[in-house]
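Note that the structure is predicted; figures quoted are calculated from it, not measured. The sequence lines fix the lettering, A, B, ..., with proteins before strands; numbering per chain opens at 1.
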Amino acid sequence: MPELPEVETVRSGLAKWVTGRRVSRVEVHHPRAVRRHAPGADHFAAGLVGRTITGVRRRGKYLWLPLDGPGEPGDAVLAHLGMSGQLLVQPADAPDEKHLRVRVGFADGGPELRFVDQRTFGGLSLSAGGADLPAEIAHIARDPADPEFDDEEFVTALRRRHTGVKRALLDQTLISGVGNIYADEALWRAKLHWARPTETMTRPAARTLLGYVREVLGEALRAGGTSFDTLYVNVNGESGYFDRSLNAYGRDGEPCRRCGTPIRREPFMNRSSYRCPRCQPRPRHPRT
DNA sequence: CATTTATCCTGTAAGC
DNA sequence: TGCTTACAGGATAAAT
(Lines give C-alpha, C1' and ligand atoms only; values in the text may rest on other atoms or scores of the structure.)
Protein backbone atom coordinates (compact mmCIF):
# COMPACT_ATOMS: atom_id res chain seq x y z
CA MET A 1 0.00 0.00 0.00
CA PRO A 2 1.69 3.14 -1.13
CA GLU A 3 2.58 5.41 1.75
CA LEU A 4 5.27 8.09 1.80
CA PRO A 5 8.30 5.85 1.07
CA GLU A 6 6.57 4.09 -1.82
CA VAL A 7 5.21 7.31 -3.31
CA GLU A 8 8.59 9.01 -2.99
CA THR A 9 10.23 6.05 -4.72
CA VAL A 10 7.77 6.49 -7.57
CA ARG A 11 8.33 10.27 -7.59
CA SER A 12 12.07 10.06 -7.98
CA GLY A 13 11.78 7.39 -10.64
CA LEU A 14 9.23 9.39 -12.58
CA ALA A 15 11.27 12.58 -12.34
CA LYS A 16 14.11 10.85 -14.12
CA TRP A 17 11.91 9.47 -16.91
CA VAL A 18 9.31 12.14 -17.72
CA THR A 19 10.82 15.53 -16.86
CA GLY A 20 11.20 17.76 -19.89
CA ARG A 21 9.09 15.57 -22.18
CA ARG A 22 6.16 16.82 -24.26
CA VAL A 23 2.88 14.92 -24.17
CA SER A 24 1.53 13.90 -27.58
CA ARG A 25 -1.25 11.46 -26.75
CA VAL A 26 -3.53 10.69 -23.82
CA GLU A 27 -5.97 7.79 -23.60
CA VAL A 28 -8.35 7.34 -20.69
CA HIS A 29 -9.38 3.70 -20.55
CA HIS A 30 -11.56 3.89 -17.44
CA PRO A 31 -13.66 6.88 -16.33
CA ARG A 32 -13.09 6.12 -12.66
CA ALA A 33 -9.39 6.87 -13.06
CA VAL A 34 -10.20 10.54 -13.74
CA ARG A 35 -13.33 10.84 -11.58
CA ARG A 36 -11.80 13.69 -9.59
CA HIS A 37 -11.43 15.67 -12.78
CA ALA A 38 -14.91 17.21 -12.88
CA PRO A 39 -14.86 18.36 -16.54
CA GLY A 40 -14.43 14.75 -17.64
CA ALA A 41 -12.04 12.43 -19.41
CA ASP A 42 -11.96 14.24 -22.75
CA HIS A 43 -11.17 17.55 -21.07
CA PHE A 44 -8.42 15.86 -19.08
CA ALA A 45 -6.84 14.38 -22.19
CA ALA A 46 -7.16 17.52 -24.30
CA GLY A 47 -5.72 19.66 -21.52
CA LEU A 48 -2.63 17.51 -21.32
CA VAL A 49 -1.71 17.05 -24.98
CA GLY A 50 1.01 19.40 -26.19
CA ARG A 51 2.23 20.31 -22.72
CA THR A 52 5.66 19.60 -21.32
CA ILE A 53 6.13 18.01 -17.90
CA THR A 54 8.62 20.12 -15.97
CA GLY A 55 9.12 17.92 -12.91
CA VAL A 56 7.49 15.63 -10.36
CA ARG A 57 6.55 16.85 -6.90
CA ARG A 58 5.04 15.21 -3.83
CA ARG A 59 3.25 16.02 -0.60
CA GLY A 60 2.39 13.06 1.59
CA LYS A 61 0.90 10.42 -0.66
CA TYR A 62 0.03 12.82 -3.47
CA LEU A 63 2.13 13.43 -6.57
CA TRP A 64 1.83 16.22 -9.10
CA LEU A 65 3.48 16.91 -12.41
CA PRO A 66 3.78 20.64 -13.15
CA LEU A 67 3.18 21.48 -16.81
CA ASP A 68 4.72 24.09 -19.07
CA GLY A 69 2.97 25.73 -22.09
CA PRO A 70 1.35 26.06 -24.50
CA GLY A 71 -1.76 26.52 -22.34
CA GLU A 72 -2.11 28.45 -19.11
CA PRO A 73 1.17 28.12 -17.27
CA GLY A 74 1.12 26.70 -13.79
CA ASP A 75 -1.24 23.76 -14.29
CA ALA A 76 -0.34 20.30 -13.07
CA VAL A 77 -1.40 16.68 -13.33
CA LEU A 78 -2.39 15.56 -9.85
CA ALA A 79 -2.05 11.87 -9.03
CA HIS A 80 -2.97 9.62 -6.13
CA LEU A 81 -2.15 5.92 -6.20
CA GLY A 82 -4.90 4.92 -3.77
CA MET A 83 -4.33 1.33 -2.73
CA SER A 84 -3.26 -0.35 -5.91
CA GLY A 85 -2.33 2.42 -8.34
CA GLN A 86 0.92 2.21 -10.27
CA LEU A 87 2.65 4.79 -12.43
CA LEU A 88 4.79 2.83 -14.83
CA VAL A 89 7.24 3.86 -17.53
CA GLN A 90 6.89 1.36 -20.35
CA PRO A 91 8.05 1.08 -23.96
CA ALA A 92 5.28 2.19 -26.32
CA ASP A 93 5.13 -1.28 -27.88
CA ALA A 94 4.81 -3.11 -24.57
CA PRO A 95 1.48 -4.97 -24.26
CA ASP A 96 -1.26 -3.21 -22.30
CA GLU A 97 -1.51 -4.15 -18.66
CA LYS A 98 -4.76 -5.80 -17.60
CA HIS A 99 -5.73 -2.82 -15.44
CA LEU A 100 -4.32 -0.06 -17.63
CA ARG A 101 -6.46 3.03 -16.89
CA VAL A 102 -4.60 5.94 -18.52
CA ARG A 103 -1.89 6.03 -21.18
CA VAL A 104 0.28 9.11 -21.73
CA GLY A 105 2.41 9.07 -24.86
CA PHE A 106 5.23 11.49 -25.62
CA ALA A 107 6.25 13.40 -28.74
CA ASP A 108 9.76 11.95 -28.64
CA GLY A 109 8.32 8.46 -29.22
CA GLY A 110 10.07 7.21 -26.08
CA PRO A 111 8.60 5.21 -23.21
CA GLU A 112 4.99 5.89 -22.20
CA LEU A 113 3.71 6.85 -18.79
CA ARG A 114 0.97 4.42 -17.76
CA PHE A 115 -1.44 4.59 -14.86
CA VAL A 116 -2.40 1.04 -13.91
CA ASP A 117 -4.82 0.46 -11.04
CA GLN A 118 -6.57 -2.77 -10.10
CA ARG A 119 -8.87 -1.50 -7.32
CA THR A 120 -9.44 1.95 -8.85
CA PHE A 121 -9.10 3.84 -5.59
CA GLY A 122 -6.43 6.00 -7.19
CA GLY A 123 -6.76 8.53 -9.96
CA LEU A 124 -5.45 11.42 -12.01
CA SER A 125 -6.79 14.92 -12.54
CA LEU A 126 -5.72 18.15 -14.16
CA SER A 127 -5.28 20.88 -11.57
CA ALA A 128 -5.66 24.43 -12.89
CA GLY A 129 -2.86 26.59 -11.54
CA GLY A 130 -1.69 23.73 -9.35
CA ALA A 131 1.98 23.69 -10.31
CA ASP A 132 3.17 25.03 -6.96
CA LEU A 133 0.61 23.26 -4.76
CA PRO A 134 -2.69 22.02 -6.21
CA ALA A 135 -5.67 23.63 -4.47
CA GLU A 136 -7.23 20.16 -4.23
CA ILE A 137 -4.59 19.14 -1.70
CA ALA A 138 -4.09 22.42 0.13
CA HIS A 139 -5.68 20.78 3.18
CA ILE A 140 -3.05 18.04 3.29
CA ALA A 141 -0.43 18.69 5.96
CA ARG A 142 3.26 18.79 5.14
CA ASP A 143 4.92 15.41 5.50
CA PRO A 144 7.72 14.76 7.99
CA ALA A 145 10.29 14.63 5.17
CA ASP A 146 9.43 18.21 4.22
CA PRO A 147 12.15 20.62 5.44
CA GLU A 148 9.39 23.04 6.42
CA PHE A 149 7.53 20.53 8.59
CA ASP A 150 7.17 22.17 12.00
CA ASP A 151 7.81 19.62 14.74
CA GLU A 152 6.62 21.77 17.63
CA GLU A 153 3.45 22.73 15.79
CA PHE A 154 2.75 19.03 15.18
CA VAL A 155 3.28 18.22 18.85
CA THR A 156 0.90 20.98 19.88
CA ALA A 157 -1.74 19.98 17.35
CA LEU A 158 -1.50 16.29 18.29
CA ARG A 159 -2.06 17.01 21.98
CA ARG A 160 -5.00 19.25 21.16
CA ARG A 161 -6.82 16.29 19.61
CA HIS A 162 -9.24 14.09 21.51
CA THR A 163 -8.70 10.80 19.77
CA GLY A 164 -6.48 7.73 19.68
CA VAL A 165 -2.87 8.27 18.64
CA LYS A 166 -3.07 6.00 15.60
CA ARG A 167 -6.11 7.83 14.25
CA ALA A 168 -4.10 11.02 14.58
CA LEU A 169 -1.12 9.57 12.69
CA LEU A 170 -3.43 8.53 9.87
CA ASP A 171 -5.08 11.96 9.70
CA GLN A 172 -3.46 13.55 6.65
CA THR A 173 -4.46 17.04 7.78
CA LEU A 174 -2.25 16.64 10.85
CA ILE A 175 0.74 14.86 9.33
CA SER A 176 0.79 13.39 5.84
CA GLY A 177 2.39 10.35 4.28
CA VAL A 178 1.70 7.88 7.10
CA GLY A 179 -0.61 4.93 6.40
CA ASN A 180 -1.55 1.76 8.23
CA ILE A 181 1.81 0.00 7.85
CA TYR A 182 4.12 2.76 9.04
CA ALA A 183 1.71 3.93 11.75
CA ASP A 184 1.91 0.44 13.29
CA GLU A 185 5.68 0.35 12.88
CA ALA A 186 6.20 3.76 14.51
CA LEU A 187 3.87 2.85 17.39
CA TRP A 188 5.76 -0.41 17.93
CA ARG A 189 9.06 1.46 18.10
CA ALA A 190 7.55 4.00 20.49
CA LYS A 191 5.94 1.22 22.59
CA LEU A 192 2.59 2.94 22.29
CA HIS A 193 -0.86 1.38 21.99
CA TRP A 194 -2.96 2.66 19.09
CA ALA A 195 -5.76 3.75 21.45
CA ARG A 196 -3.53 5.94 23.60
CA PRO A 197 -5.42 9.23 24.00
CA THR A 198 -3.53 12.00 22.23
CA GLU A 199 -4.42 14.52 24.91
CA THR A 200 -2.58 12.49 27.55
CA MET A 201 0.67 12.39 25.63
CA THR A 202 3.43 14.58 27.02
CA ARG A 203 5.30 16.86 24.65
CA PRO A 204 8.49 14.75 24.92
CA ALA A 205 6.51 11.58 24.22
CA ALA A 206 4.97 13.19 21.14
CA ARG A 207 8.40 14.33 19.92
CA THR A 208 9.76 10.83 20.43
CA LEU A 209 6.90 9.33 18.44
CA LEU A 210 7.51 11.80 15.62
CA GLY A 211 11.16 10.78 15.66
CA TYR A 212 10.18 7.15 15.18
CA VAL A 213 7.79 8.07 12.37
CA ARG A 214 10.67 9.82 10.57
CA GLU A 215 13.01 6.95 11.30
CA VAL A 216 10.78 4.22 9.91
CA LEU A 217 9.76 6.25 6.87
CA GLY A 218 13.41 6.98 6.14
CA GLU A 219 14.51 3.37 6.50
CA ALA A 220 11.68 2.18 4.28
CA LEU A 221 12.53 4.77 1.64
CA ARG A 222 16.13 3.60 1.56
CA ALA A 223 14.85 0.05 1.05
CA GLY A 224 12.71 1.14 -1.89
CA GLY A 225 9.45 0.78 0.03
CA THR A 226 7.38 -2.15 1.28
CA SER A 227 5.77 -4.73 -1.02
CA PHE A 228 3.66 -7.71 -0.02
CA ASP A 229 2.71 -8.60 -3.54
CA THR A 230 3.05 -7.17 -7.00
CA LEU A 231 0.62 -4.32 -6.29
CA TYR A 232 3.19 -1.82 -5.18
CA VAL A 233 6.08 -1.38 -7.61
CA ASN A 234 8.35 1.44 -8.70
CA VAL A 235 8.14 2.95 -12.18
CA ASN A 236 10.13 0.04 -13.57
CA GLY A 237 7.82 -2.54 -12.05
CA GLU A 238 10.23 -3.58 -9.29
CA SER A 239 9.25 -4.29 -5.67
CA GLY A 240 10.84 -2.81 -2.56
CA TYR A 241 12.10 -5.04 0.21
CA PHE A 242 11.27 -3.22 3.47
CA ASP A 243 8.68 -5.90 4.30
CA ARG A 244 11.56 -7.97 5.66
CA SER A 245 12.23 -5.24 8.21
CA LEU A 246 8.68 -4.92 9.56
CA ASN A 247 8.40 -5.46 13.31
CA ALA A 248 4.63 -5.38 13.78
CA TYR A 249 2.60 -5.01 10.59
CA GLY A 250 1.43 -8.32 9.14
CA ARG A 251 3.16 -10.38 11.84
CA ASP A 252 0.08 -11.84 13.59
CA GLY A 253 1.19 -14.71 15.82
CA GLU A 254 4.89 -14.16 15.19
CA PRO A 255 7.16 -13.30 18.12
CA CYS A 256 7.84 -9.66 18.97
CA ARG A 257 11.46 -8.97 18.07
CA ARG A 258 11.92 -7.19 21.42
CA CYS A 259 10.26 -9.50 23.93
CA GLY A 260 9.14 -12.63 22.10
CA THR A 261 5.44 -12.20 22.89
CA PRO A 262 3.28 -13.09 19.87
CA ILE A 263 2.19 -10.03 17.88
CA ARG A 264 -1.57 -9.70 17.73
CA ARG A 265 -3.84 -8.47 14.97
CA GLU A 266 -6.98 -6.66 16.02
CA PRO A 267 -9.78 -4.81 14.22
CA PHE A 268 -9.26 -1.08 13.89
CA MET A 269 -11.25 1.39 11.78
CA ASN A 270 -12.54 -1.30 9.38
CA ARG A 271 -9.00 -2.58 8.89
CA SER A 272 -6.33 -4.09 11.12
CA SER A 273 -3.78 -3.03 13.69
CA TYR A 274 -0.80 -5.08 14.76
CA ARG A 275 0.85 -4.65 18.14
CA CYS A 276 2.85 -6.42 20.79
CA PRO A 277 0.49 -7.02 23.74
CA ARG A 278 3.40 -6.74 26.17
CA CYS A 279 5.38 -3.80 24.76
CA GLN A 280 2.25 -1.89 23.77
CA PRO A 281 -0.33 -2.59 26.49
CA ARG A 282 -3.85 -1.18 26.33
CA PRO A 283 -4.07 2.20 28.09
CA ARG A 284 -6.33 2.66 31.11
CA HIS A 285 -8.69 4.94 29.21
CA PRO A 286 -8.44 3.95 25.55
CA ARG A 287 -9.74 6.19 22.77
CA THR A 288 -10.83 4.17 19.78
C1' DC B 1 -17.49 22.45 15.65
C1' DA B 2 -14.84 17.84 16.28
C1' DT B 3 -14.85 13.19 15.69
C1' DT B 4 -16.29 8.68 13.82
C1' DT B 5 -18.27 5.66 10.41
C1' DA B 6 -19.46 3.93 5.83
C1' DT B 7 -18.27 3.67 1.17
C1' DC B 8 -15.80 3.09 -3.07
C1' DC B 9 -13.24 -1.34 -5.73
C1' DT B 10 -11.35 -6.22 -7.21
C1' DG B 11 -8.23 -10.10 -6.64
C1' DT B 12 -6.75 -13.47 -3.43
C1' DA B 13 -7.27 -16.72 0.08
C1' DA B 14 -9.55 -18.99 3.70
C1' DG B 15 -13.57 -21.55 5.25
C1' DC B 16 -17.56 -24.45 4.74
C1' DT C 1 -14.88 -28.97 -6.02
C1' DG C 2 -17.35 -24.77 -5.81
C1' DC C 3 -19.47 -21.31 -3.52
C1' DT C 4 -19.41 -17.62 0.07
C1' DT C 5 -17.07 -14.58 3.01
C1' DA C 6 -13.27 -11.83 4.78
C1' DC C 7 -9.62 -8.95 3.79
C1' DA C 8 -6.43 -5.57 1.81
C1' DG C 9 -7.14 0.31 3.06
C1' DG C 10 -6.68 5.93 1.45
C1' DA C 11 -9.67 9.61 1.20
C1' DT C 12 -13.90 11.68 1.75
C1' DA C 13 -18.91 12.19 2.19
C1' DA C 14 -22.16 11.43 5.55
C1' DA C 15 -23.48 10.66 10.13
C1' DT C 16 -23.07 11.38 15.00
At their closest point, which heavy atom of A:Cys276 faces which heavy atom of A:Thr261, and how far apart are they?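 Heavy atoms only, the tightest pair is SG-CB, 4.1 Å.
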Within the structure shown, what part of the strands sits under 4.0 Å from A:Arg32 by heavy-atom distance: base, sugar-phosphate, or nothing?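 Sugar-phosphate only.
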So what does A:Arg287 hit on the nucleic acid, given a heavy-atom distance under 4.0 Å: a base, only sugar-phosphate, or nothing?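 Touches nothing.
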Length of the line joining [X]:[atom1] and [N]:[atom2], which is rounded to integer Å:
X        : N      : atom1 : atom2 : value
A:Gln172 : C:dT12 : CD    : P     : 9 Å
A:Leu63  : C:dG10 : CG    : C1'   : 14 Å
A:Arg36  : C:dT12 : CZ    : C1'   : 8 Å
A:Glu3   : C:dG10 : CD    : C1'   : 9 Å
A:His139 : C:dA11 : NE2   : C1'   : 8 Å
A:Glu266 : C:dA8  : CD    : C1'   : 17 Å
A:Leu4   : C:dG10 : CG    : C1'   : 14 Å
A:Asp171 : C:dT12 : CG    : C1'   : 12 Å

How would you list, by chain and number, every residue that makes a side-chain contact (heavy atoms from CB on, under 4.5 Å) with A:Ala248, sequence neighbours excluded?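 If we apply the side-chain contact (heavy atoms from CB on, under 4.5 Å) test to A:Ala248, skipping adjacent residues, the hits are A:Glu185, A:Trp188, A:Tyr274.
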If the condition is side-chain contact (heavy atoms from CB on, under 4.5 Å), which residues does A:Pro204 pass it with, not counting sequence neighbours?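 Listed in chain order: A:Thr202, A:Arg207.
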Assess, by modelled atom type and distance only, whether the side chains of A:Thr54 and A:Asp68 contain a donor and an acceptor separated by less than 3.5 Å.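 Note: A:Thr54 and A:Asp68 side chains miss the donor-acceptor criterion.
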Between A:Thr156 and A:Arg160, is there a side-chain donor-acceptor contact under 3.5 Å, judged purely by atom types and distance?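 No.
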May I ask you to say whether A:Arg214 pairs ionically with A:Asp151, meaning some side-chain N is under 4.0 Å from a carboxylate O?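 Looking at A:Asp151 together with A:Arg214, the answer is yes, because their closest N to O distance falls below 4.0 Å.
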Measure from the side-chain heavy atoms of A:Leu170 and tell me the nearest of C:dG10, C:dA11, C:dA8.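 Closest nucleotide among those given: C:dG10.
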Mind checking salt bridge (Lys or Arg N to Asp or Glu O under 4.0 Å) for A:Asp171 and listing every partner two or more places apart, or none if nothing turns up?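 Checked A:Asp171 against salt bridge (Lys or Arg N to Asp or Glu O under 4.0 Å); matches are A:Arg161.
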Please say whether the positively charged group of A:Arg21, taken as NZ for Lys or CZ for Arg, lies over the ring of A:Phe106, i.e. under 6.0 angstrom from the six-membered ring centre and within 45 degrees of the axis.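 Judged by the rule (NZ or CZ under 6.0 Å from the ring centre, within 45° of its axis), A:Arg21 counts as positioned above A:Phe106.
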Using side chain to side chain donor-acceptor pair (under 3.5 Å) as the criterion, list what pairs up with A:Arg11, not counting sequence neighbours.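 Here the qualifying residues are A:Glu8.
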Considering only heavy atoms of chain A and a distance under 4.0 Å, specify the first and last nucleotide of DNA chain B in 5' to 3' order that meet this criterion.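 From 5' to 3', the first and last contacting nucleotides are B:dT3 to B:dG11.
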If each of A:Arg101 and A:Thr288 is mapped to the nucleotide of DNA chain B with the nearest heavy atom, which maps nearer the 5' terminus, i.e. the 5' end?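 First, find each residue's nearest nucleotide; the 5'-ward one identifies A:Thr288.
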Within residues 268-276 of chain A, residues whose heavy atoms come under 4.0 Å of DNA chain C: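 Nucleic-acid contacts, sorted: A:Arg271, A:Ser272, A:Tyr274.
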